[in-house]
Visitor: 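The structure that follows is given in the form of structure tokens.
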Amino acid sequence: MDEKYFPENIENKWQQHWEQTKAFQATEDDPRPKFYCLEMLPYPSGFLHMGHVRNYSIGDALAWYKRLQGFNVLHPIGWDSFGQPAEQAAIKRGVNPRDWTEENITHMRGQLKRLGISYDWSREIAAHRPDYYKWDQWFFLKMYERDLAYKKKSPVNWCPREGTVLSNEQSSGGVCWRCGATVEKRDLEQWFLRITEYAEQLVEDIREIEAGWPEKVLKRQSDWVGRSEGAYVDFAVKDSDTKIRVFTTRIDTIFGATSIVLSAEHPLIDDLLAASPLKDEVMAFARKVTSEKTARGRVLEEDEQKEGINTGVLAVNPFSGESVPVWVANYVLMDYGTGAVMSVPAHDERDFEFAQKFSLTIRRVIERISHAQESIVHDSLSEDQSIAMPHAFTNYGILVNSGDWSGKLSQDAIVEMSRHAEQHGFGQAAVTFRIRDWGISRQRFWGAPVPIIYCEKCGMVPVPETDLPVRLPDHAEFTGSGESPLAGVADFVNTTCPTCGSGAKRETDTMDTFVDSSWYFFRYCDPHNESAPFDPEIVKQWTPVDQYIGGDSHAVMHLIYTRFWTKFMRDIGLVSFDEPVKKLLTQGMVTNRVEGTDEWKAMSKSLGNGVDPDEMIAAFGADAARLFILFAAPVENELRWLETGIEGAVRFLRRVYTMVWRWHERLSNIGITTPGEASSPGARALRRKTHQTIAKVTSDFEGLHLNTIVAALMELFNELSDFNADPGTASEGDVFAVHEALETLVLMLAPFSPHVAEEIWENLGHEGGLLKSAHWPQADPELARQEELEIPIQVNGKLRSRLLASPEVTEEELRTAALNDEKIRSLIDGHEVVKVIVVPQRLVNVVVR
RNA sequence: GCCGGAGUGGCGAAAUUGGUAUACGCACCAGACUCAAAAUCUGGCGAGGUCAAACUCAUGUCGGUUCGAGUCCGACCUCCGGCACCA
């Protein structure tokens, strides 16, 4: 042990030691209970950023804590190494994506090791290696077999800046999740995974995880899946056999439907207008709306006016028999429900706005319950008389102007009218979802090739499992044109048909990288398996993940895909549970001031507000950097980076180190095993603080309140510092108390600053013994108990005095003592004591008048 | 517009079931050490008030419940995040 704290020496020493002894390797033949601690795997961009450091520091703290508590901890890491940036580097600088990626991994692995995160490096995986993406392809084939992977031509989200397709999840809000460009729609042949098949379960199973996941994430997922209950209703087209099917969640308002509105892309438009003189005009309108939508990637811009055109066709309301006009308008979505709606202006904001603009009939058919009496009386109002309303009334209420249904409650009417429609064959109750199938095709090189072959004779043929992996070629032309670079590699494209043996061509699309990350943490359990993605028996030992930690930016991307993937794996017998992750922590962003502004934004290269972890480590040490980042704010809060704070962390570690230096001779030479007979009051107080701290830290760990744990450790150290015994002359009892306090402090510091903790541990008489096999301290409630309590005394709820009492003091004694307190007596003198509230062990409140 | 979440010192933040508001740290101030500075150590640090105390006021604003409210209830203000014609 050096006299002074040199983080670099200590950190190098222990990192080497851990590496050589494979200290954090997890094995299956370990009888202790397992704990799977997982952090989101990084994309190997080349450099770790502070968000990573925070993510992995949190995860490592938990891994250490569980390890010390006696769990068999699995704490792995890997690389989400397929994806855009590697290909961009290839396009811009002509480097090979594989070389670029491997170099980045090498550098970042070094950074993680310099941080001293306790990973089991023997399980490291990387998505771009054939032994991994082989299994992406295998899963694809399994889905293909079950018709869960399919190809169709459809409008897809297109990022014009990156020249690639995006899934709905990746283009949420109409912008590219990566570059922020406005997304356009394009018609392309694309591969999709049928996530909609699992829509119901994705909502339903939220119940299984709601205790362990942030409400915020679950709500976003639930909104994203967008389950809604309603009904289909068929409106017959007048003088025709055609029917227009609409979807509505408010069938109770159907007597207020004063028009039918079709999406501009609705396939029926052609038929309906076949013989109409308005045909050309309507078709021109529909084409205009469709092309505008394609250009902007969404139906309408904010505040944009609704547009529509009357087709002249009439449809019959099956409930009322009324004929209503059929319109085509720009505000109706084709890919939700049926692409057609019944327009009820009185009870839907959008329909209201539309009806006002085009002077359509607005007929009120739902009344507030409190006004219902009056309205039912006025039910004699002529049916086509418009009622002046400032807004649509969208709440539930009581039906009026609704024939036989008038007087019913909305909730009842919805059930009964759906049933009625079904019985009479013009509709049925239905559930629709907002979520769409997951488009996974990418016209990209740097991804897992979709394992499909096109044969002129046999058509689309899946690559046989035995031929996997379909390997990426070593070289390709990177033009950035938007065409898949694979299409230009003849050796790759040209193949033979597995069925008939004649010449055939390969699919040149690769898969979305979110496929790789949907199941990677299962692969960690059995990372070198060559005959299956993993052995279900081994996976059973480790999964589900006990704690997952990452940013909430993946709330509706990765985190919904991986839930889907798990359910699929369950259905093919690979796992036996519905949900892959028991507890999820979404850590806050690390932000820094953008130079020259007052804005705090996530650190990024493009904003120039990044902080290099290596510089932090060089300047302050990994231990201090990690300690600070966990201390500075609660884990779920945004963390605003302030350089000054980290020096406080260094100071703290240096003080602890110096304290140990002062004591280590005495502590390592004496085999102290008992607290000694006559312990001093100071020693008793120190031991009390020690055991109180153990209790607090242990309970805070359960809720991952890491910032308050660090505060508690600092408090314990301050107490130790104040104790101020002299190592040369201290009594055996005092030495015992110091030893206990230091050992406890170091054990509890290990999850935050493991290197210096190891160094100190070694010097507290644990020569060569690694902390990882030590045991988390136990709080002794007897020792933690206060010898004397300070009881505040209030008069009318205001603090006026305090008194000291033993913990055994009775309520009656407290009451008497409070009333006899000199200060209290003078305050209540001349007043009537109405009552005295005594909260045992806590306070006394004297109520006077 | 709709749906969430949050407002506590100069700053990051603490505060069992409602029970001593501001723990811990940063910054700052003073002192010690030093020729000096840095580092380190000691002390101070919500506002007003006082020589010092007493006391008064403070957890976004207003009101309510309670012996007692940062915490519970109601209304409002501000900020942040998500979704956005999903019928």
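Heavy atoms only: backbone and side chains are in, while hydrogens, waters and symmetry mates are out. Numbered from 1 within each chain, the chains take letters A, B, ... in sequence-line order.
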Visitor: Is the phosphate of B:A87 approached by A:Tyr336 (side-chain N or O, under 4.0 Å from OP1 or OP2)?
Guide: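 Affirmative; the distance criterion is met.
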Visitor: Kindly point out which of B:U20, B:A87, B:A84 is positioned nearest to the side chain of A:Arg802?
Guide: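 From the listed options, B:U20 comes nearest.
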Visitor: How do A:Pro634 and A:Val846 order along RNA chain B: which one's closest nucleotide is nearer the 5' end?
Guide: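 The residue closer to the strand's 5' end, by nearest nucleotide, is A:Pro634.
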Visitor: Across the strands shown, which category fits A:Asn718 at heavy-atom distances under 4.0 angstrom: base, sugar-phosphate, nothing?
Guide: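 Here A:Asn718 touches the backbone only, sparing every base.
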Visitor: Send over the distance from A:Glu715 CD to B:A15 P, rounded to a whole Å.
Guide: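 My rounded result for the distance is 11 Å.
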Visitor: Looking across every strand, which nucleic acid part, if any, lies under 4.0 Å from A:Val261 by heavy atom: base, sugar-phosphate, or nothing?
Guide: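 A:Val261: no heavy atom of the nucleic acid under 4.0 Å.
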Visitor: Report which part of the nucleic acid A:Arg227 touches: base, sugar-phosphate, or nothing (heavy-atom distance under 4.0 Å, all strands).
Guide: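 Here A:Arg227 touches no strand at all.
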Visitor: Could you check whether A:Glu790 gets within reach of a base, just the sugar-phosphate, or nothing at all, counting any heavy atom under 4.0 Å?
Guide: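 Base contact - A:Glu790 has a heavy atom under 4.0 Å of at least one base atom.
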Visitor: Can you tell which of B:U16, B:C57, B:A87 lies closest to the side chain of A:Lys798?
Guide: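 Of the candidates, B:C57 comes closest.
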Visitor: OP1, OP2 of B:C67 versus side-chain N and O of A:Lys835: anything below 4.0 Å?
Guide: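 For A:Lys835, the contact criterion (side-chain N or O under 4.0 Å from OP1 or OP2 of B:C67) is met.
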Visitor: Would you mind telling me which of B:C41, B:C11, B:U40 lies closest to the side-chain atoms of A:Arg651?
Guide: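 Selected nucleotide (nearest to the side chain): B:U40.
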Visitor: Considering every strand and a 4.0 Å limit on heavy-atom distances, what is the contact class for A:Ser228: base, sugar-phosphate, or nothing?
Guide: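 Sugar-phosphate only.
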Visitor: Would you mind pulling out the nucleotide paired to B:U78, Watson-Crick or G-U wobble, both distances under 3.5 Å?
Guide: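 With both distances under 3.5 Å, B:U78 matches B:A6.
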Visitor: If I take atom CD in residue A:Gln794 and atom P in nucleotide B:G18, what distance separates them, rounded to the nearest angstrom?
Guide: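 Spelled out: CD on A:Gln794 to P on B:G18 is 16 Å.
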Visitor: Using a cut-off of less than 4.0 Å, is there contact between a side-chain N or O of A:Arg842 and OP1 or OP2 of B:G68?
Guide: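 No, outside the criterion.
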Visitor: Does A:Thr708 place a side-chain N or O at less than 4.0 Å from the phosphate oxygens OP1/OP2 of B:A13?
Guide: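 For A:Thr708, the contact criterion (side-chain N or O under 4.0 Å from OP1 or OP2 of B:A13) is not met.
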Visitor: Under 4.0 Å between a side-chain N/O of A:Asn637 and OP1 or OP2 of B:A6, yes or no?
Guide: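 No, because none of the side-chain N or O atoms of A:Asn637 sits under 4.0 Å from OP1 or OP2 of B:A6.
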Visitor: Would you mind telling me which of A:Leu749, A:Leu706, A:Ile646 makes a side chain to side chain contact (heavy atoms under 4.5 Å, CB included) with A:Leu627?
Guide: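 Of the listed options, the one satisfying the test is A:Leu749.
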Visitor: Taking atom CD of A:Glu702 as the centre, does the number of heavy atoms from other residues, nucleotides or ligands within less than 6.0 Å exceed 12?
Guide: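 Yes - once you tally the heavy atoms of other residues, nucleotides and ligands closer than 6.0 Å, there are more than 12.
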Visitor: Kindly point out which of B:U40, B:A23, B:A87 is positioned nearest to the side chain of A:Thr249?
Guide: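 Taking heavy atoms from C-beta onward, the closest nucleotide is B:A87.
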Visitor: Quickly work out the A:Met557 CE to B:G82 C1' distance and round it to whole Å.
Guide: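 The distance from CE of A:Met557 to C1' of B:G82 comes to 13 Å, rounded to the nearest Å.
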Visitor: Check every strand shown and say whether A:Gly648 touches a base, only sugar-phosphate, or nothing at a heavy-atom separation below 4.0 Å.
Guide: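 Counting heavy atoms under 4.0 Å across all strands, the contact made by A:Gly648 is with sugar-phosphate only.
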Visitor: Side chain of A:Thr644, heavy atoms from C-beta onward: which of B:A13, B:C3, B:A27 has the nearest atom to it?
Guide: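 It is B:A27.
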Visitor: Determine the Euclidean distance between corresponding P atoms of B:G4 and B:G74; express it in Å to zero decimal places.
Guide: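 That atom pair is separated by 13 Å.
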Visitor: Using whole Å, what does the distance between atom P of nucleotide B:C2 and atom NZ of A:Lys219 come to?
Guide: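 Taking NZ of A:Lys219 and P of B:C2, I get 13 Å after rounding.
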Visitor: Looking only at the side chain of A:Glu215 (C-beta and beyond, no hydrogens), which of the listed nucleotides B:G5, B:A87, B:C55 gets closest?
Guide: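 So the side chain of A:Glu215 is nearest to B:G5.
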Visitor: Taking CD from A:Glu636 and C1' from B:G4, how many angstroms apart are they, rounded to a whole number?
Guide: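 For the pair A:Glu636 CD and B:G4 C1', the rounded distance is 16 Å.
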Visitor: Distance between the C1' atoms of B:A14 and B:C79, in whole angstroms?
Guide: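 Between the two C1' atoms, the distance is 22 Å.
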Visitor: Please report the distance separating the P of B:U71 from the corresponding atom of B:U59, rounded so that it comes out in whole Å.
Guide: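 The answer is 9 Å between these two P atoms.
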Visitor: Over how many whole Å does the gap from A:Leu799 atom CG to B:A15 atom P extend?
Guide: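 Going from A:Leu799 (CG) to B:A15 (P), I get 21 Å.
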Visitor: Considering only the P atoms, how many Å lie between B:C33 and B:C24, rounded to the nearest integer?
Guide: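 28 Å, rounded to whole Å.
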Visitor: Is it the case that A:Tyr336 and A:Ser228 place a side-chain donor and acceptor less than 3.5 Å from each other?
Guide: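 On atom types as modelled, these side chains qualify, holding a pair under 3.5 Å.
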Visitor: Hey, which sits more toward the 5' end of RNA chain B by its nearest nucleotide, A:Ala712 or A:Asp722?
Guide: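 It is A:Ala712 whose nearest nucleotide is closer to the 5' end.
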Visitor: Between A:Gln170 and A:Arg178, is any side-chain donor less than 3.5 angstrom from a side-chain acceptor?
Guide: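 A:Arg178 and A:Gln170 do not have a side-chain donor-acceptor pair below 3.5 Å.
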Visitor: Can you tell me the distance, in whole Å, between the CZ atom of A:Phe752 and the C1' atom of B:C24?
Guide: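 In whole Å, B:C24 C1' and A:Phe752 CZ are 13 Å from each other.
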Visitor: Is the ring centre of A:Phe358 less than 6.0 Å from the ring centre of A:Trp327?
Guide: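 Yes, they do, as the ring centres are separated by less than 6.0 Å.
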Visitor: Please give the distance between the P atoms of B:A13 and B:U66 as a whole number of Å.
Guide: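 Pairwise P distance, B:A13 against B:U66, rounds to 35 Å.
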Visitor: Any strand counts, and the cut-off is 3.5 Å on both contacts for Watson-Crick or G-U wobble. Which nucleotide pairs with B:U65?
Guide: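 Its partner is none (no Watson-Crick or G-U wobble pair with both distances under 3.5 Å).
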Visitor: Looking only at side-chain N and O atoms, does A:Arg800 come under 4.0 Å of OP1 or OP2 in B:C67?
Guide: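 Checking B:C67 against A:Arg800, no side-chain N or O comes under 4.0 Å of OP1 or OP2.
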Visitor: Can you tell me how far P in B:U61 sits from the matching atom in B:G7, rounded to whole Å?
Guide: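 Result for the P pair: 13 Å, nearest Å.
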Visitor: At under 4.0 Å between heavy atoms, what does A:Ser172 touch on the DNA or RNA strands: base, sugar-phosphate, or nothing?
Guide: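 If one applies the 4.0 Å heavy-atom cut-off, A:Ser172 turns out to touch the sugar-phosphate alone, with no base involved.
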Visitor: Answer yes or no: is there an ion pair linking A:Asp335 with A:Arg436, defined by an N-O contact shorter than 4.0 Å?
Guide: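 So A:Asp335 pairs with A:Arg436 through a salt bridge.
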Visitor: Side chain of A:Asn845, heavy atoms from C-beta onward: which of B:U20, B:C67, B:C41 has the nearest atom to it?
Guide: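 Of the candidates, B:C67 comes closest.
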Visitor: With the side chain of A:Leu843 defined as its heavy atoms from C-beta on, choose the nearest nucleotide among B:G19, B:C67, B:A87.
Guide: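 Closest nucleotide among those given: B:G19.
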Visitor: Would you measure the distance from the C1' atom in B:A32 across to the matching atom in B:A38 and give it in whole Å?
Guide: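 To the nearest whole Å, 15 Å.
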Visitor: Check whether the side chains of A:Asn157 and A:Ser171 place a donor and an acceptor atom closer than 3.5 Å, and report yes or no.
Guide: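 A:Asn157 vs A:Ser171: donor-acceptor pair found between side chains.
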Visitor: A:Glu638 has an atom CD; how far is it from atom P of B:C11, in whole Å?
Guide: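 Going from CD in A:Glu638 over to P in B:C11 covers 15 Å.
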Visitor: Can you see whether A:Tyr331 has A:Lys306 sitting over its ring - NZ or CZ less than 6.0 Å from the centre and within 45° of the normal?
Guide: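 Pair A:Lys306/A:Tyr331 counts as cation-pi.
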Visitor: With heavy atoms under 4.0 Å as the rule, sort A:Asp335 into base, sugar-phosphate or nothing.
Guide: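 Touches nothing.
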Visitor: Paired with B:U20: which nucleotide, if any, by Watson-Crick or G-U wobble criteria at under 3.5 Å for both distances?
Guide: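 Checking every strand shown, B:U20 finds no partner, since no pair has both distances under 3.5 Å.
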Visitor: Which way is the base of B:G9 turned, syn or anti, if we draw the line at 90° from 0?
Guide: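 Syn, which is what one calls it when the glycosidic angle falls within 90° of 0.
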Visitor: For B:U22 versus B:G9, give the span between their P atoms, rounded off to a whole number of Å.
Guide: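 Here B:U22 and B:G9 have their P atoms 14 Å from each other.
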Visitor: Given B:G25, B:A84, B:A15, which nucleotide is nearest the side-chain atoms of A:Arg434?
Guide: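 Of B:G25, B:A84, B:A15, B:A84 is nearest to the side chain of A:Arg434.
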Visitor: Between A:Asp223 and A:Lys219, does any NZ, NE, NH1 or NH2 come within less than 4.0 Å of an OD or OE carboxylate oxygen?
Guide: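 Salt bridge between A:Lys219 and A:Asp223, a charged N being under 4.0 Å from a carboxylate O: yes.
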Visitor: What nucleotide among B:G19, B:A39, B:G25 has an atom nearest to a side-chain atom of A:Phe631?
Guide: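 It is B:G25.
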